[in-house]
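A short write-up of the structure that comes next.
All ligand and atom numbering here is 1-based and tracks the order in the structure. Computed from a prediction, not measured in an experiment: that's the story for all the values here. In what follows, every heavy atom counts, from backbone to side chain, and hydrogens, waters and symmetry copies are set aside.
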Amino acid sequence: MSQTLKGKHIVLGISGGIAAYKSAYLLRLLIKAGAEVQVVITPNGKEFITPATLSALSGKPVVSEFFAANTGEWHSHVDLGLWSDLMVVAPATASTIGKMASGVADNMLITTYLSAKSHVMVAPAMDLDMWSHPSTQRNIATLAKDGVEIIEPSSGELASHLVGKGRMEEPEEILRRVEKFFRRSDSLKGKKILVTAGPTYEDIDPVRFIGNSSSGKMGFAIAEEAAARGAEVVVVAGPVALQLKDSAVRRVDVRSARQMLEASQAAFEDCDAAILTAAVADYAPETCSDTKIKREKTGDMTLRLVRNPDIAATLGAMKGERMLVGFALETDHEHENALDKMRRKNLDMIVLNSLRNPLAGFNKDTNQVTILRSDGLETEYPAKSKRQVASDILDEIEKYSKRND
Ligand code: PMT
């Protein structure tokens, strides 16, 4: 077996479900692929598989309690969280998923999860009714929103002898996902990427503005995914309430389209690619009043608007060999309008999301996109979390730039 995971530190979290017997085989696969694995098991997990088996396979004592039984030594979840390059929770029971989603830190597995700086994957395993219960689905959605990668359970015969969705994914498939993560984790090393995110606000007076409902979620997800792949990332963000989870991403906050243009142009100078998710206001008031406009004095009013600069088109005109990716949010003639924008703005790719799809667009945690490339290739994706959409977009960008090498 090739040493695809040589030198990688993996925390394998095991919670109390019958699928824990498969974790021993997963552990063996990870070790054979060259990873150093630290097992953290919940008290219930130990009822399904013994720590002796797991420590024999991993070559390390298994961590379960906050204090070691024989020496009383404190197990530092903080150190473990920092040590790990990846944390995989397999199996993840409904209870463990619920605790992870709400931060109930009553065992070593959850405290390690809360301290982990690394990427986290969960492989759920439970009965079909537990899996489809709204509470489990809510918790899964929360984890996905927190950036946790969900390895969906498969369908088949369950421990209850019922047949349906809930079986933990097979260890070989989990290994494949782990290998893919590490392959991905330096696929953009050495690249510099600009992302624009959020809305722009065009001030009318000190208390009023023209804006839109963009939350920045799509742009921040792309920035974080690009950073996770090793890129140096700068986000030029309009007014959004979000915080970046990855402190390595450089953030430049702006308010108006003009400020966004200035910051984006400066950052684009030494970038290899730009991904423009921002919902930029196309128009701004011609003047902005220094003082609050008074209703009583003004009566009806007419606001004269002037066109804002087009950031995408400006970067398109200066891009040279650099890759430029835009977004299109349309209500009608979506496909046609997206293609037209790609051509006019000199983009290499445009990501079309529709306002008509309830799982796509402003302020949603999910998006449903079609990626159109300037060479005519098009791929339509199902609705996914914005982080997974970010991953699809970056996969597509990587494929496209390799084609041009
Ligand atoms: O932020 P979220 O709540 O997560 O929502 C994400 C999103 C819906 C805002 C995002 O997915 C999206 O679709 N962004 C583009 C929305 C948009 O304004 O599209 P547009 O069709 O108006 O613009 C086309 C492209 O040109 C976009 O890449 C835009 O950033 C860019 N543009 C537009 C106008 C302008 N003056 N300058 C620009 O750079």
Determine whether more than 12 heavy atoms belonging to other residues, nucleotides or ligands lie under 6.0 Å from atom [atom1] of [X].
X: Asp290; atom1: CG; value: no
X: Lys6; atom1: NZ; value: no
X: Glu321; atom1: CD; value: no

(message) As a test of understanding, state which of Arg343, Lys319, Lys399 forms a salt bridge (Lys or Arg N to Asp or Glu O under 4.0 Å) with Asp348.
(response)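 The salt bridge (Lys or Arg N to Asp or Glu O under 4.0 Å) with Asp348 is passed solely by Lys319 among Arg343, Lys319, Lys399.
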Shortest protein heavy-atom distance from [atom], along with the residue and atom involved:
atom: atom 2 (P) of ligand 1; value: Ser215 OG, 3.4 Å
atom: atom 29 (C) of ligand 1; value: Ala278 O, 3.3 Å
atom: atom 1 (O) of ligand 1; value: Ser214 OG, 2.6 Å
atom: atom 36 (N) of ligand 1; value: Pro309 O, 3.0 Å
atom: atom 37 (N) of ligand 1; value: Ile311 N, 3.1 Å
atom: atom 24 (C) of ligand 1; value: Phe327 O, 2.9 Å
atom: atom 6 (C) of ligand 1; value: Met218 CB, 3.6 Å
atom: atom 11 (O) of ligand 1; value: Asn353 OD1, 2.6 Å

Numbering the atoms of ligand 1 from 1, which are under 4.0 Å from a heavy atom of [X]?
X: Asn363; answer: 2 (P), 3 (O)
X: Lys217; answer: 1 (O), 2 (P), 4 (O)
X: Leu276; answer: 27 (C), 28 (O), 30 (O)
X: Val280; answer: 34 (C), 35 (C), 36 (N), 37 (N), 38 (C)

(message) Quick check on Ala257 - does any of its heavy atoms sit under 4.0 Å from an atom of ligand 1?
(response)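 So Ala257 does not count as touching ligand 1.
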(message) Could you check whether any heavy atom of Gly361 sits closer than 4.0 Å to an atom of ligand 1, since that is the contact criterion I want to use?
(response)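 Right, Gly361 reaches ligand 1.
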(request) Give, for atom OG of Ser155 and atom NZ of Lys165, the distance between the pair rounded to the nearest 0.5 Å. (result)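 The OG atom of Ser155 sits 6.5 Å away from the NZ atom of Lys165.
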So is [X] polar-close to ligand 1, meaning N/O to N/O under 3.5 Å?
X: Gly326; value: no
X: Ala328; value: no
X: Thr277; value: yes
X: Lys341; value: yes
X: Gly216; value: yes
X: Ala312; value: yes
X: Lys364; value: no
X: Ala279; value: no

(message) My understanding is that only residues two or more places apart in sequence, or in another chain, count here; which of them pass side-chain contact (heavy atoms from CB on, under 4.5 Å) with Lys191?
(response)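 Partners of Lys191 under the side-chain contact (heavy atoms from CB on, under 4.5 Å) test: Leu188, Asp272.
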(request) Indicate yes or no: does Glu149 engage Lys180 in a salt bridge with an N to O separation below 4.0 Å. (result)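 So Glu149 does not pair with Lys180 through a salt bridge.
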(message) Taking Arg177 first and then Glu169, would you say they form a salt bridge - that is, a charged N and a carboxylate O separated by under 4.0 Å?
(response)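 The answer is no: the pair does not qualify as a salt bridge.
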(message) Applying the side chain to side chain contact (heavy atoms under 4.5 Å, CB included) criterion to Lys99, which one of Ile110, Leu114, Thr93 satisfies it?
(response)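 Exactly one pass, corresponding to Ile110.
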(message) Between Ile41 and Ile49, is the side chain to side chain contact (heavy atoms under 4.5 Å, CB included) condition met? List the steps.
(response) CA-CA 9 Å; Ile41 192 165; Ile49 185 159; 3.9 Å; yes
(request) With heavy atoms under 4.0 Å as the rule, classify the contact between Lys345 and ligand 1 as side chain, backbone, both or neither. (result)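 Contact part for Lys345 vs ligand 1: side chain (C-beta onward).
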(message) Once you restrict to heavy atoms under 4.0 Å, what part of Asp282 touches ligand 1? Side chain, backbone, both or neither.
(response)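 Only the side chain of Asp282 comes within reach of ligand 1.
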(request) Can you run down the side-chain hydrogen bond (donor to acceptor under 3.5 Å, both in side chains) pairs that involve residues 249-264, sequence neighbours left out, and say none if there aren't any? (result)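 Only Asp203-Arg255, Arg251-Asp253 qualify under side-chain hydrogen bond (donor to acceptor under 3.5 Å, both in side chains).
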(message) Between Arg304 and Thr287, do the side chains contain a donor N or O and an acceptor N or O under 3.5 Å apart?
(response)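 There is no such pair between these side chains.
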(request) Could you tell me whether the side chains of Thr366 and Gln368 share a donor-acceptor contact shorter than 3.5 Å? (result)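 Side chains of Thr366 and Gln368: no pair found under 3.5 Å.
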(message) Quick check on side chain to side chain donor-acceptor pair (under 3.5 Å): which of Lys384, Glu396, Arg229 does Ser391 satisfy it with?
(response)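 It is Arg229; the other options fail the test.
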